[in-house]
2 protein chains.
Amino acid sequence: MNNLLSYICSLTPFSEEDWEYLKPALTKRTFARNELLLREGEVCSSLFYIDAGYCKSYYEIDGNIKNTELFFENEIATNVTSFGSGLESKYNIIACEPLITIVFNKDKLFELSKQHPKIENLGRICLRQFAVKQEEFLAIFKLYSPKERLEYIETHHPHIVQRVSLTQLASFLGVTRETLSRIRNRRIS
Amino acid sequence: MNNLLSYICSLTPFSEEDWEYLKPALTKRTFARNELLLREGEVCSSLFYIDAGYCKSYYEIDGNIKNTELFFENEIATNVTSFGSGLESKYNIIACEPLITIVFNKDKLFELSKQHPKIENLGRICLRQFAVKQEEFLAIFKLYSPKERLEYIETHHPHIVQRVSLTQLASFLGVTRETLSRIRNRRIS
DNA sequence: ATTAAGCTGAGACATTTGTCACAAAATCAG
DNA sequence: CTGATTTTGTGACAAATGTCTCAGCTTAAT
């Protein structure tokens with residue numbers, strides 16, 4: 001839980017007392033490799049703070065898998081649309097490595113938010129973090145070519161390139177693995 | 001202001017009293033066609049509720065313009081990243097038609113949020129709306145080809161196709177206008 | 001109404017990407 | 001360790017896209 005507390009304190013002032021209030025909404029949960037955190041068709045009722053390992057959200061369309069997001073240590077994995085609206089998620093979230101998470105229970109979180117403004121505030125800040133991240137990645141796709149997207153990720157999020165396989169990275173960049181291979185080859189010569 | 005009140009009420013329960021609290025943070029402001037709501041390099045300190053007309057955010061890269069988002073009536077235009085963090089915006093927002101907006105002043109909004117939980121709650125809901133919209137459009141880019149993206153917009157956001165020019169639509173879809181032309185031609189035959 | 005500016009459609013060509021196929025290398029499970 | 005599975009690299013070909021150009025059309029401003 002220590003990592004989570006540090007993470008929260010890096011976002012907003014959070015006292016020992018606030019932490020005690022928040023705790024009842026939290027549960028530690030581990031996932032094996034390839035175990036699902038969220039299945040398509042389910043309603044997302046949790047936020048998963050990633051303590052160790054990483055996971056991805058993906059969409060299955062005509063049998064082949066397209067990665068939509070990656071979540072690493074010190075990030076919150078969820079499907080905002082489903083979490084916020086209570087509608088079924090169109091995406092899956094799956095552990096890519098053995099995963100240790102701290103689960104925020106939605107119902108408890110909502111109840112606590114009503115009583116403790118600090119917790120409500122924390123929720124808003126997390127949401128904002130999420131929106132900022134989305135805006136960033138949306139811009140990458142709108143503004144850049146596949147080659148430029150790779151360069152952007154290498155520069156600004158090098159840990160992604162280091163940890164995920166070429167196939168998964170390609171899917172994340174929105175190209176086939178062959179194209180990603182070519183981009184890297186062109187650069188050498 | 002009536003449109004805005006209806007909009008807010010459609011999002012969350014909002015009393016006449018809440019509305020009176022909120023009003024001091026609001027200003028009506030009009031923009032001429034091609035007038036900037038937000039300039040690159042400025043810090044975004046406003047939320048613009050679009051009452052009539054539409055605007056777009058764009059990014060200028062090596063002299064040519066790439067549209068990143070479109071904002072129509074009953075939407076909130078802003079740059080979340082800059083608004084939330086206080087950092088300079090990398091994007092411009094410009095009126096594409098004569099525009100009538102209701103401006104939310106950031107500082108006043110923050111003050112009011114501290115005193116009135118309903119207003120804080122409204123802020124969070126708007127933020128969530130924003131995140132949901134972003135997630136949707138990010139998915140379009142990650143999952144679909146240009147042709148499929150066009151079809152998605154035609155199906156789910158037909159007003160966009162009806163109101164913006166082909167050139168702007170192409171930029172929004174992340175392709176050149178020639179490509180968009182070809183996609184439409186292919187479909188006829 | 002007139003002029004200027006911007007928008008659209010189309011063709012030619014180069015480049016990029018997707019698809020399919022196969023072999024080599026790396027990884028995983030027993 | 002070993003066999004099976006997955007991942008990666010490569011080539012050939014087709015399809016899609018970008019770039020450049022020009023001409024006709026629409027729109028905007030005066």
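- Side-chain proximity of B:R184 to C:dC7, D:dG9, C:dG9: nearest is C:dG9.
- Residue A:R177 has no polar side-chain atom (N or O) positioned under 4.0 Å from OP1 or OP2 of C:dT17.
- Each of B:R182 and B:V164 lies near DNA chain C, and the nucleotide nearest B:V164 is the one positioned closer to the 5' end.
- For B:R186 and D:dA15, the CZ to P distance is 11 Å, given to the nearest whole Å.
- Atom CZ of B:R33 and atom P of C:dC7 are 8 Å apart (whole Å).
- Contact annotation: A:S165 side-chain N/O to D:dT7 OP1/OP2 distance is not under 4.0 Å.
- We find that NZ of A:K147 is positioned 13 Å from P of C:dT15, with the value rounded to whole Å.
- Taking the six-membered ring for Trp and the full ring otherwise, A:Y54 and A:H159 have centroids separated by 6.0 Å or more.
- In this structure, A:L166 places its CG atom 11 Å from P of D:dT7, rounding to the nearest Å.
- Counting to the nearest Å, the C1' atom of D:dT17 and the CD atom of B:E148 are 15 Å from each other.
- Each of A:F14, A:W19, A:Y21 was checked for a ring pair (Phe, Tyr, Trp, His ring centres under 6.0 Å) with A:H116, and the lone residue meeting it is A:Y21.
- Protein atom CG of A:N185 is 12 Å distant from nucleotide atom C1' of D:dG11, rounded to whole Å.
- Applying the 4.0 Å criterion to OP1 and OP2 of D:dT7, one finds that A:T167 has every side-chain N and O outside that range.
- Looking only at side-chain heavy atoms (C-beta outward), B:Q129 and B:E75 stay at 4.5 Å or farther from each other.
- Between B:E178 atom CD and D:dA16 atom C1' there is a gap of 14 Å when expressed in whole angstrom units.
- Atom CG in A:L180 sits roughly 16 Å away from atom C1' in C:dT19 (whole-Å rounding).
- Checked against C:dG9, D:dT10, C:dT8, the side chain of A:S181 finds its nearest nucleotide in D:dT10.
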Under the criterion side chain to side chain contact (heavy atoms under 4.5 Å, CB included), I'd like the reasoning laid out for A:Y152 against A:H157: C-alpha separation, chi angles, the key distance, then a yes or no. CA-CA 8 Å; A:Y152 182 92; A:H157 304 278; 4.2 Å; yes
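- If you look at B:F137 and B:F172, their ring centroids are closer than 6.0 Å.
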